[in-house]
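Before any comments, here is the structure.
Note on naming: letters A, B, ... go to the chains in the order of the sequence lines (proteins, then strands), and numbering restarts at 1 for each one.
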Amino acid sequence: MLSYLWARLFTLFVSLVLSSLIIFILIEAVPGDPASFMLGINATDETIEALRKELGLEEKILNRYFNWLIGMLSGDFGVSYTYRVPVQDLILERLIVSLPLTILSLTLAIFIAFPAGMIAAQFQGKKIDFSIMAASQVGIAIPNFWFAMILVLIFAIHLRWFSAGGFYGWDSGIVLGLKSLTLPAISLALPQASILSRVIRSSILNTLTEDYIRTARAKGLSQRKIISKHAFKNALIPVLTILGLQFSFLLAGAIIIENVFFLPGLGRLIFQAITQRDLIVVESVVMLLVFSVILVNFIVDLLYLIVDPRLRK
Amino acid sequence: MKNISLTKKIKQFPYIFWFGLIITIFIFFVSFISIIWTPYDITVLNIQDKLIPPGNTLHLLGTDHFGRDIASMIMLGAKTSLLVAFTATFLGIVLGVPLGLVAASRAGDPLDDIIMRGNDLIFAFPALVIAILITAILGPSITNAIIAIGIFNIPVFARITRGAALSVFTLDFILAARVCGKNHIQICIEHVLPNIMSILIVQSTIQFSLGILAESGLSYVGLGTQPPMASWGRMLADSQTMISFAPHLALAPGISIIVTVLAINIMGDGLRDYLDPKLRKKSA
């Protein structure tokens, strides 16, 4: 188990280094000089030169890569070209919106998907199974930003239960903060819950063909008990895999949904940065997103060990 | 198989498959028509006809804030969606399948490891993030959307090809082919590929429908299709500020996306059930 852990940590390290290299090289390939862009067309050569030095653009490319990497590891992401503030401050300020949104929608998706998938598996082939599967099929086909717009139309414009967008900020209380994240979280959770419930159902049905389930049945356990006591935990492995894979979709979805609701999260930050050609911000946010995807998949691999004792050997 | 009559073969598919297939064919048909004909020219603005609600005899689905015919825009949007999704899926197949085959034929080799770890790495980049990176470099365009979704598709096809090919490589007829003196490439093309074709076809339908969703998402945030090209995602982005007084602007493209994705997914499910009888019992 320890060697597995080391091997996994090593791949985590290598993939982080490689992905940072890819992102750095791609951003380096962008034509144009950030310094002259920041200063506008009226800048003299000397001021551009000075700013290039200040931003560290004069150094060799390899040095700049390592500076960027070491800077990020020590929490220094550099200075935004347009806002002239440290990038880590910008990101932190946005993360307190994006992170709760992602967690909230993931929790919501899990709370919808598990009961739905388990009920569908328990009543396999019955009407309720058919309706849950049909609903999930539709849920997968609905683009979450469109669903978000429809939610706004119904709950914000017609019923006036929620605001159509914007964020109150956590200063004005946790309830108001959560309230402004409710509709975004619901729209993000819908496709996730749909996919998850299908995976949970088929995973449970797969485990139901195992020998120990027949034993449990022979013992006289009810179908419900069999599913909740014996099949459920064993069915978790494929579910975990999908959860890990879905995480990147969730992040991408959050970026889009933030635009629908005008939430000041990472998604808004990155789109503003693109239009303003604030490449250092783009670079850092992309690295952060890729880092979190890699990290989540690493965590999922570790969770396998907890769920399945056979893998611990 | 050949002596089974056509009607029997048709009956082997679940009826829902035909439902999906007919709608898919219809959408393809509409998008082909849009190349030569649409009810109105969407590059011509008619402000006096703006925001006509749907059900109008002249404009079946109504008009937008510039007085452009929604039905015509939906038709052209279908073309864009299908074009992007098709090209991106094609990219994924052309690059992913050979990678998967090479990895499978060299299973256990360092080459296999390198290919698969490389795939894992690409997989850490969500399509949206790839699109963001490409847009930061090249500026927004429909090509970026195709490249971004296509790159995202590569590891998907590589993984599924490798997995399926591995089990084929253990079969006796591969050994026989090797004895005949065929090299790796010949074996892969002549013997392995035909045997994993059904899995690849089903995966293609999945990636195709995902591609349509991804295109709409990218165009919605402005990273994909650019005006004056019509796109369902762009139409939704334009409709957002007018949703309180003109919800039909959001409904038409939204429902188009849902129906298209749903039809392709249903078709793919039916195809999978038909091609893989082992699955038939479980998913029934």
Count the heavy-atom pairs under 4.5 Å between each of [options] and chain B, then report the option with the highest count.
{"options": "Asn259(A), Val14(A), Ile294(A), Leu26(A)", "answer": "Leu26(A)"}
{"options": "Ala273(A), Ala141(A), Ala156(A)", "answer": "Ala141(A)"}
{"options": "Leu251(A), Asn144(A), Leu153(A), Ile150(A)", "answer": "Leu153(A)"}

Approximate separation, where rounding is to 0.5 Å, of [X] [atom1] and [Y] [atom2]:
{"X": "Gln137(A)", "Y": "Ile258(B)", "atom1": "CD", "atom2": "CD1", "result": "12.5 Å"}
{"X": "Ile132(B)", "Y": "Ile270(A)", "atom1": "CD1", "atom2": "CD1", "result": "4.0 Å"}
{"X": "Ile140(A)", "Y": "Leu262(B)", "atom1": "CD1", "atom2": "CG", "result": "9.5 Å"}
{"X": "Arg198(A)", "Y": "Asp269(B)", "atom1": "CZ", "atom2": "CG", "result": "5.5 Å"}
{"X": "Leu133(B)", "Y": "Ile25(A)", "atom1": "CG", "atom2": "CD1", "result": "12.0 Å"}

Would you indicate whether the side-chain heavy atoms of Ile257(B) and Trp146(A) approach each other to under 4.5 Å?
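The answer is no; the side chains never approach within 4.5 Å.
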Taking all non-hydrogen atoms of both residues, which atom of Leu128(B) and which atom of Ala252(A) are closest, and how far apart?
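Looking at all heavy atoms of both residues, the closest pair is CD2-O, 3.3 Å.
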Give a yes or no on this: more than 12 heavy atoms of other residues, nucleotides or ligands lie within 6.0 Å of atom [atom1] of [X].
{"X": "Tyr65(A)", "atom1": "OH", "answer": "yes"}
{"X": "Phe298(A)", "atom1": "CZ", "answer": "yes"}
{"X": "Trp18(B)", "atom1": "CH2", "answer": "yes"}

For the residue pair Phe145(A) and Tyr220(B), does the interplanar ring angle fall in the parallel (under 30°), tilted (30 to 60°) or perpendicular (over 60°) class?
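Parallel.
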Tell me which of these, Val261(B), Ile264(B), Leu236(B), has more heavy-atom pairs under 4.5 Å with chain A than the rest.
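Counting heavy-atom pairs under 4.5 Å, the top option is Leu236(B).
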Using non-hydrogen atoms only, which part of Ser209(B) is less than 4.5 Å away from chain A: side chain, backbone, both, or neither?
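Neither; nothing under 4.5 Å.
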Contact part of Leu251(B) toward chain A, heavy-atom cut-off under 4.5 Å: side chain, backbone, both or neither?
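Both parts, backbone and side chain.
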Contact residues of residues 117-126 of chain B (partner chain A; heavy-atom separation under 4.5 angstrom):
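Counting heavy atoms that sit under 4.5 Å from chain A, the residues of residues 117-126 of chain B involved are Arg117(B), Leu121(B), Phe123(B), Ala124(B), Phe125(B), Pro126(B).
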So, does Gln240(B) use its side chain to make a donor-acceptor pair with the main chain of Val260(A) at under 3.5 Å?
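A pair under 3.5 Å: yes.
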